[in-house]
S.K.: 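Submitted below is the structure of interest, expressed as structure tokens.
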Amino acid sequence: MIRAARSAAAVAVLAMTLLGGSVAPALGATASAATAAATADPLAALRVQRPLWHPCASGPDDTAGAELDAAGAGCTEVTVPLDYRRPEGPTLRVALARLPATDPAHRLGTLFYNPGGPGVPARSLALALRQAAPALGARYDIVGMDPRFVGASAPLDCGWPTAGPGAAGPDRLGFDRSAELAKDLATRCAPYRALLPHASTRNAARDLDLVRAVLGEPKVAYLGSSYGSYLGEVYLQLFPDRVGRAVFDAAMDPDRFGPDLTATQGPAMAAALTAWAAWAAGHDERHHLGTTTAEVLASVERVRLAAERAPLTVGAHRVDARALPQVLWTVSAGDDDNTYEDFSALASVLLDAAEGRPAGPTPLLEAVLAGLASPDTGGYAAAQTAVMCADRAASRDPLAYYRDIQAHRADEPLFGPLTRNLTPCTFWPAEPAEAPTRVRNAVPVLLVGADGDPAATYPGQLSAHRALTGSRLVTLRGAFRHTVYAGLFAPRDTCVDAAVDRYLLDGVLPVQDTDCPSPRS
């Protein structure tokens, strides 16, 4: 859930795009016919749009668009209502890319792909999916739609100087500073308060279904990773008859998704850190963090305590108690040898800094620290926050978060001040337009995930499994990685890939829940 991304858009263009006039109701029909159709279906005029396909590259510097074009993709925009309760009102345009099936003679249909976030553009990552899973690309047209307010879909940019308030630190003073920052970030989004209630996952799901109709597909297949799984859960609930085959990778708890979901992640992050520490203990000759799991974790604890006393000097950067948990969050990037090697080198540098030795950042640490020090260029973090604030209301009492952090200081000393801290949603200038979506249905769906996932925690995956009574769950045991299919964001697993491919390509769900063996067994 905590990631960084970059996209560019102008605030003035955003306002003009979102608050422009409604789509003309006729769209090739007579006015009377359009009026009659709208009476039966308020979205009738929008469903009959004809997509105008064009090259994806927006200019010579758009390398992602150029790669899509080289792969044979087409891009287009579809007009959707800002508020589905008022389809005749203001509109916005969502952007999508479609990669045609490379084996059209055996085409199965269209597969929508959402890589997560929320707030991650999906258009360019549709190509990453086809490259990682060529068998899917052969049989399906793969469509990546940038959700509303993200990427090329009327992006929301509040001009944030940083991506978020970070961790609360070790005391009340640090918490108060993080609250002040969260309030400032929320205030910067106030000019868009008329738009913010409509940033919800529920509306993104409605946009997906309108795109489905415009593409002329009675049903679609769907693959969602991380937050994309929650978008899929909501889509399945709202439009159960429009989904053929669906796979949710690292399923989110549909009863918890919102600004406070991270409060469930502290124990899972600690478990992921412990799994890494066991690996690092076996490689002490390189990183000198300790020869046992307990010694390695004690080294991390020395880093935490030092950062709470004074910021650590790492090259040109200063790592304080607000930033350290975000830096150490990178342990969630994966559990293979290469990823653990990079993280161990990062931890070794932090230990040097904590113990007063010269410390220059590794390439990974430099990238992380530079990202934390950078403004929210393009509005990725603001859009992510807007989605979560629109999905579920947060407590408006800042001290409720401080009390929660304090209650977990002993059992979550490292990650608790980050995962349990308040967000700009506590001060958000708008309330959700609708109640959270209650996901309860029996539509067949395949869930895949790791039991040590630090972000989509396994209890949350089990909650999704219970809510989706027609689902089957394939669990990668003994793995501490976020997402598991096709090596898109974490190490690849052939057992998981086989289960997903068999379902999406052959329509065969496992007859019962099943396990894939630990990658380290």
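The shown structure was predicted, so the numbers you read here are calculated from the model rather than taken from an experiment. Counting from 1, the numbers follow the sequence of the chain as shown. Computed over heavy atoms, backbone and side chain alike; hydrogens, waters and symmetry mates excluded.
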S.K.: Do any N or O atoms from the side chain of Q49 and from the backbone of T79 form a donor-acceptor pair under 3.5 angstrom?
M.R.: yes
S.K.: Do other residues, nucleotides or ligands put more than 12 heavy atoms under 6.0 Å from R477 CZ?
M.R.: yes
S.K.: Taking the side chain from T469 and the backbone from N441, do they hold a donor-acceptor pair closer than 3.5 Å?
M.R.: yes
S.K.: Classify the side-chain pair D207/Y84 by whether it contains a donor and acceptor separated by less than 3.5 Å.
M.R.: yes
S.K.: Should D506 and R245 count as an ion pair when the cut-off is N to O under 4.0 Å?
M.R.: no
S.K.: What pair of heavy atoms forms the shortest contact from Q461 to L447, and how long is it?
M.R.: O-CD1, 4.4 Å
S.K.: Show the nearest heavy-atom pair for residues V220 and R212, with the distance to one decimal.
M.R.: CG1-CG, 3.7 Å
S.K.: Would you say the side chain of H198 lies within less than 4.5 Å of the side chain of R85, judging by non-hydrogen atoms?
M.R.: yes
S.K.: Donor-acceptor pair, distance only, cut-off 3.5 Å: does the side chain of D451 make one with the backbone of Y458?
M.R.: no
S.K.: Counting heavy atoms not belonging to R492, are there more than 12 under 6.0 Å from its CZ?
M.R.: yes
S.K.: Can you say whether the rings of F257 and Y227 are parallel (under 30°), tilted (30 to 60°) or perpendicular (over 60°)?
M.R.: tilted
S.K.: Do the non-hydrogen side-chain atoms of V500 and V474 ever get within less than 4.5 Å of each other?
M.R.: no
S.K.: Do the non-hydrogen side-chain atoms of C189 and W160 ever get within less than 4.5 Å of each other?
M.R.: yes
S.K.: Has R481 got a side-chain atom pairing as donor or acceptor with P491's backbone, closer than 3.5 angstrom?
M.R.: yes
S.K.: Taking ring pair (Phe, Tyr, Trp, His ring centres under 6.0 Å) as the cut-off, I'd like each qualifying pair that reaches into residues 231-254, sequence neighbours left out, listed once.
M.R.: Y235-F239
S.K.: Among D209, V143, L231, find the one that has a side chain to side chain contact (heavy atoms under 4.5 Å, CB included) with F112.
M.R.: V143
S.K.: Yes or no on side-chain hydrogen bond (donor to acceptor under 3.5 Å, both in side chains) for D146 and S153, after CA distance, side-chain angles and deciding distance?
M.R.: CA-CA 6 Å; D146 288 356; S153 295; 4.8 Å; no
S.K.: Please report the closest heavy-atom contact between A205 and L238, naming both atoms and the distance.
M.R.: CB-CD1, 4.2 Å
S.K.: Going by the side chain to side chain donor-acceptor pair (under 3.5 Å) test, name the single residue among D493, D497, D501 that passes it with Y485.
M.R.: D501
